[in-house]
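Keep in mind that what you see is a predicted model, and the values were worked out from it rather than measured.
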Amino acid sequence: MQLFGTSGIRRLADSNLVELALQVGLAVGTMYDNVVVGRDTRTSGPALLHAATSGLLTTGARCKDAGVLPTPSVAYAAREFQTGIVITASHNPPQYNGIKLLNPDGSAFSPDQQKQVEDMVGGVNPVSSQWDRMQPGESYNIAIEKHVERIKQDFPDNLRLKVVVDCGCGAAYYITPYLLRSLGCSVITLNGYPSGIFPHDIEPIEANLDELMQAVRDSGAALGIAHDGDADRMMAVDDKGRFIPGDKMLAILARDSGSKDIVTTLDASLNIEEMGFKVRRTPVGDPYVSEELKKGGGFGGETSGAWVFPQISLCPDGIYAAARIASIASREQLSVLVDSLPSYPLLRGSILGDRANVEKAKDRLMARLKPVSMDTLDGLKLNFKDGWLLVRPSGTEPKIRITAEARSEAAARKYYESSVKIIEGAR
Ligand code: MG
């Protein structure tokens, strides 16, 4: 039984998902006996959290409830436990919910750990429990404070700048405004209440952040910040009210990390290598970045807004990232910084298709486009002297995602359009 996608379990929230949460609680409680649980603001969160907690307590595991808080705050708390459970569907719409399972270092459960859970939920190794081992459960209401205190250690200066935060009625509704105020910022909060009914699509992409961009322009703020539903992601708006693209955010945060050793995904811009970083590339998906950072590295990220700071945890930490970009904006005007970074024409899109279509087209792509090297870590990446092309089947939809970047618009367009033609022709 396969339950896990690249970011945990995600489903429409209904009684089936509540039952599954109970089963996952039973499985995790059998594997570990000291667990912290938390949830984002979704309306189905309490039902799922109670179900998972019931499962944990039934097995005799000790369980502490950290309440409503971001995934990275649970990840930071997990260092004092054997594992962490977060009830969230991340950036999915509010009718969805899900379960993320975290190790004490903040990393997501490995494929082996996921398989163990799946086997127990599927009944291969059914869970047994005894009435006299069941635990009472406790609350754990210091997780946010501990996370904030740890982040503040890295930002001793008074930041003194105006920031607009769009909490989107998600899990960061309290912590990000609170943290930034305690660092010295003057904070304007948008959608800062935990209704779990997101007033706009909660994925932090430019198309969803009109209100934030307008508020930054209207208020003359130095910075705007947005998160996804569980605030493991953070994206920003500069002092001109312009959304900062993910590739530039990666460069800005990498530059400020003080490390030359950076981890990012295959589909991020070549600007990061151009800036002189030693870059290790992983398949697309932030869990791969976290996994690679276990081998070392000062900073890692995915351009979707998932930024990993290994000194805090191996979970992408949108809250720490908010403090980091505020600190940068207190020293430099963000719009000037953004415009000074190298940037190349980059095209992203998708066509209908699957893994078999990519396989069929592989030889023709190689023969016609003549790359200087290729990489099959995730889909097919062709490297050229003046750019690259990535063709990869989506993990969640019947689509092939195509990304092309080159030093000139014409070359990027040539790689993109040729690949579409070749894949279509090879069907
Ligand atoms: Mg998320």
Side-chain angles (χ1 to χ4, degrees), residues 6-8 70-76 78-79 84 100-113 147 150-151 153-155 228 231-236 244-325 327-328 337 341-342 373 375-379 381 383 388 390 392 403 405:
T6 43
S7 248
T71 293
S73 301
V74 179
Y76 186 69
R79 66 185 51 218
K100 286 187 181 181
L101 304 177
L102 303 171
N103 289 305
D105 64 4
S107 64
F109 266 27
S110 68
D112 282 350
Q113 287 173 301
H147 192 200
R150 171 61 192 86
I151 295 171
Q153 284 175 20
D154 287 6
F155 303 97
D228 69 333
D232 58 346
R233 292 196 198 179
M234 186 283 302
M235 289 298 265
I244 305 175
D247 293 298
K248 292 211 169 185
M249 278 298 299
L250 178 74
I252 291 169
L253 293 170
R255 204 190 62 151
D256 203 62
S257 71
S259 173
K260 280 283 160 203
D261 191 3
I262 302 298
V263 177
T264 189
T265 50
L266 278 178
D267 62 343
S269 167
L270 57 85
N271 71 349
I272 194 78
E273 276 95 355
E274 296 275 306
M275 289 173 69
F277 292 101
K278 185 172 150 265
V279 184
R280 279 174 289 147
R281 299 270 184 163
T282 73
V284 176
D286 62 74
Y288 297 108
V289 173
S290 299
E291 192 59 34
E292 185 63 28
L293 282 167
K294 287 181 183 173
K295 299 177 201 154
F299 170 70
E302 186 180 52
T303 56
S304 60
W307 316 116
V308 186
F309 305 90
Q311 69 270 36
I312 297 286
S313 81
L314 292 175
C315 178
D317 194 330
I319 314 307
Y320 188 92
R324 176 66 67 190
I325 192 71
S327 165
I328 295 167
L337 174 57
L341 293 169
S373 65
D375 192 330
T376 53
L377 193 59
D378 186 5
K381 185 172 185 182
N383 298 303
W388 54 273
L390 177 67
R392 52 179 287 273
T403 316
E405 184 183 34

- prompt: Less than 4.5 Å apart, any side-chain heavy atom of Leu337 and any of Arg255?
  reply: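 Leu337 reaches Arg255 side chain to side chain.
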
If the condition is side-chain hydrogen bond (donor to acceptor under 3.5 Å, both in side chains), which residues does [X] pass it with, not counting sequence neighbours?
X: Ser73; value: His147
X: Thr265; value: Asp267
X: Glu273; value: Arg281
X: Asp247; value: none

Starting at [atom1] of [X], measure out to [atom2] of [Y] and round the result to the nearest 0.5 Å.
X: Met249; Y: Glu302; atom1: CE; atom2: CD; result: 14.0 Å
X: Gln311; Y: Gln153; atom1: CD; atom2: CD; result: 11.0 Å
X: Thr264; Y: Leu250; atom1: OG1; atom2: CG; result: 4.5 Å

Non-neighbouring partners of Asp261 that pass salt bridge (Lys or Arg N to Asp or Glu O under 4.0 Å), sequence neighbours left out: Lys278, Arg280

message: Just to verify, what does Glu291 make a salt bridge (Lys or Arg N to Asp or Glu O under 4.0 Å) with, not counting sequence neighbours?
response: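 Glu291 satisfies salt bridge (Lys or Arg N to Asp or Glu O under 4.0 Å) with Lys294 once adjacent residues are dropped.
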
- prompt: For the side-chain contact (heavy atoms from CB on, under 4.5 Å) test, which of Pro72, Pro316, Ser313 pairs with Val308?
  reply: Pro316

Verify, without hydrogens or angle tests, whether [X] (side chain) and [Y] (backbone) share a donor-acceptor contact under 3.5 angstrom.
X: Asp228; Y: Arg233; answer: yes
X: Ser290; Y: Cys315; answer: no
X: Lys100; Y: Thr71; answer: no
X: Asn103; Y: Gly106; answer: no
X: Glu292; Y: Val289; answer: no

Identify the heavy atoms of [X] and [Y] that sit nearest to each other, and give their distance.
X: Ser259; Y: Ile262; value: O-CD1, 3.9 Å
X: Ala306; Y: Asp286; value: CB-CB, 3.7 Å
X: Ala268; Y: Thr303; value: CB-CG2, 3.9 Å
X: Ala254; Y: Ile272; value: CB-CD1, 3.8 Å
X: Gly305; Y: Met235; value: CA-SD, 3.6 Å
X: Trp388; Y: Asn383; value: CB-OD1, 3.8 Å

Partners passing side chain to side chain contact (heavy atoms under 4.5 Å, CB included) against [X] (at least two apart in sequence or in another chain):
X: Pro287; answer: none
X: Tyr288; answer: Thr282, Pro283
X: Thr376; answer: Lys362, Met374, Leu380
X: Ala321; answer: Met234, Trp307, Phe309

- prompt: Residues two or more places apart in sequence or in another chain: which of them pass ring-ring contact (aromatic ring centres under 6.0 Å, His included) with Phe155?
  reply: Tyr320

query: Which salt bridge (Lys or Arg N to Asp or Glu O under 4.0 Å) pairs, counting each pair once, include a residue from residues 308-324, with sequence neighbours left out?
result: Asp256-Arg324

